[in-house]
Number of protein chains: 2
Amino acid sequence: MNFTDTLTALVPFSDDELNDILNHFTMKSVPKNETLVHQGKICKYLYFIEQGMGRSYYLNDNQKDITQWFFGTGKFMSSADSFFQKKPSLYYLEVLEDSIVYLISKEKLDVLFAKYPKMEKLGRLVITEMLTNVVNKLNAIQFQTARERYDYMLAEFPDIAYQVSLGHIASYLGMAQETLSRIRSQDSSN
Amino acid sequence: MNFTDTLTALVPFSDDELNDILNHFTMKSVPKNETLVHQGKICKYLYFIEQGMGRSYYLNDNQKDITQWFFGTGKFMSSADSFFQKKPSLYYLEVLEDSIVYLISKEKLDVLFAKYPKMEKLGRLVITEMLTNVVNKLNAIQFQTARERYDYMLAEFPDIAYQVSLGHIASYLGMAQETLSRIRSQDSSN
DNA sequence: TCGCTTTTATGATATAGGTCAAAAATAAAT
DNA sequence: ATTTATTTTTGACCTATATCATAAAAGCGA
């Protein structure tokens with residue numbers, strides 16, 4: 001679903017409103033592997049992924065890269081806490097393939113929030129969806145075996161599960177990459 | 001922090017606005033162990049805990065009670081997805097001690113959202129905070145040892161860690177209650 | 001197409017923490 | 001104040017998965 005459709009599906013904007021809103025965003029194409037936000041820096045923009053996919057990750061105490069979230073086509077991507085509170089980001093944000101995004105700064109977004117109450121609603125809905133997704137993952141991770149976690153991933157994000165490197169997925173699911181490799185090899189032998 | 005202070009800290013309401021908003025809420029005292037929402041039912045109200053504490057939990061495949069979240073004094077409590085989307089709740093909501101809450105229905109809240117754009121902002125801020133908290137817990141759970149998870153709990157929710165039963169905390173942290181008991185006995189022997 | 005780098009697979013071994021069982025301690029009820 | 005129920009502790013044992021090591025495969029630049 002493209003950007004305008006995504007917006008209108010959440011809140012019914014008029015054509016004029018929609019145009020004005022779109023004009024506050026900037027469209028940009030981002031090449032594969034580009035880092036949009038660095039850990040410790042402020043996340044200046046909220047991104048909508050028109051085409052492509054990205055992920056957030058951080059480096060743990062052993063400098064190991066841990067995927068925190070995947071963002072697929074048609075989703076908003078940001079280091080939410082950093083963007084909204086202007087705090088240093090705990091995560092890196094990077095694009096995993098050539099992508100097209102719409103981006104907006106906090107200042108411009110605040111202009112939209114002030115101008116259109118419906119935008120506040122949009123913001124609330126988008127964040128509510130994120131919250132639901134994170135809670136779902138949490139429940140999936142918390143008490144399930146590695147096998148079950150991978151099944152959750154296949155069910156919830158089939159597109160991502162088949163496109164992203166095994167190491168990224170393993171860290172996202174909280175398991176060693178060797179474990180995920182073994183799970184997959186079980187699958188293919190049956 | 002009490003209800004009015006919490007509201008004005010997030011968004012600067014005028015006295016008149018604040019009064020009007022408060023009038024849409026109902027104050028209620030809830031006795032210990034009362035269940036506010038049942039799994040599978042719609043969560044009809046958003047609660048603010050003026051005094052006391054609650055938790056959300058669900059029963060897993062083995063009918064084991066798993067704590068999903070704790071809500072302390074001064075926090076909003078709800079089965080967010082159920083409340084906002086009018087979907088059956090995945091969780092029970094219960095009060096862990098005699099409490100005083102302010103509650104509001106979705107209908108009345110929508111009236112407030114429509115009337116005061118600032119309320120939309122309030123909603124967005126509250127949910128953003130929840131999102132941040134859940135993401136923090138997810139990171140704590142995903143790659144940390146049982147010991148580290150408990151330390152996270154002590155740091156993040158010291159009040160709760162010392163008041164709630166060991167079994168509730170263990171399931172919240174994704175470990176067997178025996179494990180948490182052993183961790184605690186290590187602590188007290190040093 | 002060849003060499004170089006990164007990713008994935010597989011085997012051997014170690015361990016954190018789960019499960020089962022039973023006792024001890026606390027809390028609740030009559 | 002006793003009994004009953006619930007929660008916590010402790011011990012013995014076991015298993016899923018991490019870790020370490022190395023090989024195979026895939027991807028990529030020159």
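To find a chain, count down the sequence lines: A is the first, B the second, and so on, and within it residues start at 1. Values reported hereafter were calculated over all heavy atoms of this structure, with side chains retained and with hydrogens, waters and symmetry mates removed. Because the structure is predicted, anything quoted here is derived from the model rather than measured.
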Pair [X] + [Y], salt bridge at N-O below 4.0 Å:
{"X": "B:E107", "Y": "B:K86", "value": "yes"}
{"X": "B:R55", "Y": "B:E97", "value": "no"}
{"X": "B:E120", "Y": "A:K118", "value": "no"}

**Request:** Report the nucleotide, chosen from D:dT17, C:dG17, D:dT19, that has the shortest atom-to-atom distance to any side-chain atom of A:A146.
**Result:**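 Selected nucleotide: D:dT17.
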
**Item:** Of B:K32 and B:Q144, the one whose closest DNA chain C nucleotide lies more 5'
**Value:**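 Per heavy-atom nearest nucleotide, the more 5' residue is B:Q144.
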
How many whole angstroms separate atom [atom1] of [X] from atom [atom2] of [N]?
{"X": "B:L96", "N": "C:dA27", "atom1": "CG", "atom2": "C1'", "result": "16 Å"}
{"X": "A:M175", "N": "C:dA16", "atom1": "CE", "atom2": "P", "result": "20 Å"}
{"X": "B:Q163", "N": "D:dT7", "atom1": "CD", "atom2": "C1'", "result": "17 Å"}
{"X": "A:E178", "N": "C:dT7", "atom1": "CD", "atom2": "P", "result": "14 Å"}
{"X": "B:L173", "N": "C:dG17", "atom1": "CG", "atom2": "P", "result": "12 Å"}
{"X": "B:L180", "N": "D:dT8", "atom1": "CG", "atom2": "P", "result": "9 Å"}
{"X": "B:Q186", "N": "C:dG17", "atom1": "CD", "atom2": "C1'", "result": "12 Å"}
{"X": "B:I183", "N": "D:dT10", "atom1": "CD1", "atom2": "C1'", "result": "15 Å"}

**Asked** Is there a donor and acceptor pair closer than 3.5 Å between the side chain of A:R182 and the base of C:dG11?
**Response**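 It does, because a donor-acceptor pair links the side chain of A:R182 to the base of C:dG11 below 3.5 Å.
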
**Message:** Once you apply a heavy-atom cut-off of 4.0 Å, does A:S165 come out as touching a base, just sugar-phosphate, or nothing?
**Reply:**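 Result for A:S165 = sugar-phosphate.
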
**Message:** Among B:L109, B:L7, B:V111, exactly one meets side chain to side chain contact (heavy atoms under 4.5 Å, CB included) together with B:M119. Which residue is that?
**Reply:**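 That would be B:L109.
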
**Asked** OP1, OP2 of C:dT8 versus side-chain N and O of A:S181: anything below 4.0 Å?
**Response**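 The answer is no; no side-chain N or O of A:S181 sits under 4.0 Å from OP1 or OP2.
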
**Asked** Taking OP1 and OP2 of C:dA16, is either one under 4.0 Å from a side-chain nitrogen or oxygen of B:T179?
**Response**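 So the side chain of B:T179 is outside the cut-off, no N or O lying under 4.0 Å from OP1 or OP2 of C:dA16.
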
**Request:** Let me know, please, whether B:Q177 or A:R147 comes out on the 5' side of the other along DNA chain D by nearest nucleotide.
**Result:**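 Its nearest nucleotide lies further toward 5', so the answer is B:Q177.
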
**Asked** What orientation do A:F70 and A:Y172 show, parallel under 30°, tilted 30 to 60°, or perpendicular over 60°?
**Response**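 It falls in the tilted class, 30° to 60°.
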
